[in-house]
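Quick caveat: nothing in here was measured; it's all calculated off a predicted structure.
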Amino acid sequence: GQDEQSLLHTTEESAPQRSDRRRRALGAAAALAAGAALLGTAGARWQLGGPAMSDAGAVASFAEAPDDSACSFPGTDCRSTKCCKAGGKNGFQCFAKNENWAECMETCEPGVHEGEKEGTWDASGTFVPAKWSCDKLGERGAPDPCSAPGEDCRQTKCCSAARGGSGMTCFKKAEGWASCADTCPKGWDCEQLGNRTPYVAGCGWAGQSCAQTKLCCNLGFVCAVKDATWTACTQTKKKTTWVTQNIPIPPDWQGTVLGGGRDEYQVPPAANGDPVAGTSLYCFMAFLPDSYEVGLQKIAENNKASIYACDAYDTFHSWQSAKAGWDTGEATLSNTDVFINVWDNVRKSGKYLAHDWVVKVDADAVLVPDRLKKHIEQLNPPAYRPIYLKNNGMDP
């Protein structure tokens, strides 16, 4: 095989970018499976940006903020903590519903809340929804330290993931204004204020803490307690196409399981009136030099087909992995190093940021971008969601 050096772009063309609309439309963006050999990865957009981002930048301007590490997140019971994590435009308050539940919210109206499912049945068989007392428990938490899209972020120098700013950067427009955007709008000063805001996965990755979310991002992992100071995601199942192997929780862990791993699930279409994802495609192809794939890539290029008919595209050189071995239950094709380098070059290219979907295309796969766009339109996918399209049911 060739040297495992950094991969080189062999094509740098792109269709003109229309920077006046939010291209990412699917939050963490999507890697779309096109053709039987193609790979789609949920949350690919978030992971692509990960190495270039830092959580520290999101709070750099608020070093003096009060410690809320022991406080509750919105949507969780705050009766015991009586305090809320920083967030919301005006901060969250722990409001009591009754003696059995309290929750962090910005406001609370005493009485029955819309959609209430807790309650009792009266003598006539009528359901009586439970009422909120809205008694305040503790002090109101600090407001969101970062800015929402559309707000001036010159002072905060960060974008709020909780209020629509995931994946965004605070860009300076002129002396009197800066705001959060995926990419800097045309005609702006474009000075970057602070770091790009990471996407919030809502779960812990393998080996990382899951104390707050009680959920692991990886299938086959559980959120387990090691001791009083560490709760993390540990693997309990190793799954290949044909074989599932059980793995015990490490013997030196306390072992209480707080939650499982995130599995794939079907995302429902956007509801009437809700924003719908766009169909702009960034496509890329990695091919092996001095192989039959070069001829296929050239045919596609000469005919303006496959990735060359997408809104933007890149091609990359790959190499033959020295660790090859197909998934037989004994071994798995181990070309992860090749894929990681290719995706790293996708991140460095940055073109995916200006488009709704990321499409990985093998040289020997057939991709018709216009047909793909029609399929996406028919699915009516909701905007601002981490989604991938799965084109076969072979593997989870």
Side-chain angles (χ1 to χ4, degrees), residues 27-28 41-60 62-87 92 94 101-104 137-139 141-142 144-146 158 160-162 166-167 195-240 244-265 336 340 386 396:
T41 308
R45 174 85 172 268
W46 183 87
Q47 293 193 58
L48 287 177
M53 296 186 259
S54 167
D55 286 1
V59 294
F62 295 87
E64 302 303 321
D67 180 17
D68 64 1
S69 58
C71 295
S72 301
F73 285 96
T76 62
D77 191 350
C78 57
R79 286 175 301 156
S80 60
T81 65
K82 294 182 174 58
C83 64
C84 302
K85 298 282 188 184
F92 293 114
C94 180
W101 184 261
E103 189 173 326
C104 291
L137 306 182
E139 300 296 324
D144 193 330
C146 296
C158 62
S160 170
S166 288
N195 292 324
R196 184 180 173 207
T197 299
Y199 287 98
V200 178
C203 52
W205 294 100
Q208 295 182 358
S209 174
C210 55
Q212 294 289 349
T213 63
K214 296 178 175 60
L215 177 67
C216 297
C217 301
N218 306 82
L219 186 63
F221 283 70
V222 298
C223 179
V225 177
K226 179 180 181 181
D227 52 38
T229 62
W230 186 243
T231 296
C233 292
T234 184
Q235 189 173 25
T236 55
K237 289 184 183 296
K238 182 179 180 181
K239 187 172 183 179
T240 68
T244 298
Q245 176 186 352
N246 291 322
I247 301 174
I249 293 174
D252 59 338
W253 285 41
Q254 190 264 336
T256 300
V257 175
L258 303 180
R262 177 172 282 171
D263 201 348
E264 65 180 13
Y265 59 93
T336 306
I340 288 175

Which heavy atom in [X] sits nearest to a heavy atom in [Y], and how many Å separate them?
X: S160; Y: C146; result: N-CB, 3.6 Å
X: V225; Y: D227; result: CG1-O, 3.5 Å
X: L215; Y: R262; result: CD2-NH2, 3.5 Å
X: S72; Y: C104; result: O-SG, 3.8 Å

Using the side chain to side chain contact (heavy atoms under 4.5 Å, CB included) criterion, which residues pair with [X]? Sequence neighbours excluded.
X: C233; value: C210, C216, F221
X: C217; value: A201, C203, W205
X: K82; value: L137
X: T234; value: V222, A224, I249, P250, W253

K237: partners by side chain to side chain donor-acceptor pair (under 3.5 Å), with sequence neighbours left out: N246

T213: side chain to side chain donor-acceptor pair (under 3.5 Å) partners, not counting sequence neighbours: none

Approximate separation, where rounding is to 0.5 Å, of D77 CG and E103 CD: 8.5 Å

Separation of Q245 CD from T236 OG1 (nearest 0.5 Å): 11.5 Å

Sulfur-sulfur distance C78/C94 under 2.5 Å: yes

SG-SG under 2.5 Å, C84 vs C71: no

Working for side-chain contact (heavy atoms from CB on, under 4.5 Å), residues K239 and T244: CA-CA 4 Å; K239 187 172 183 179; T244 298; 3.6 Å; yes

Partner of K214 under side-chain contact (heavy atoms from CB on, under 4.5 Å), chosen from L258, T231, V257: L258

Neighbour count above 12 (heavy atom, 6.0 Å) for Q208 CD: yes

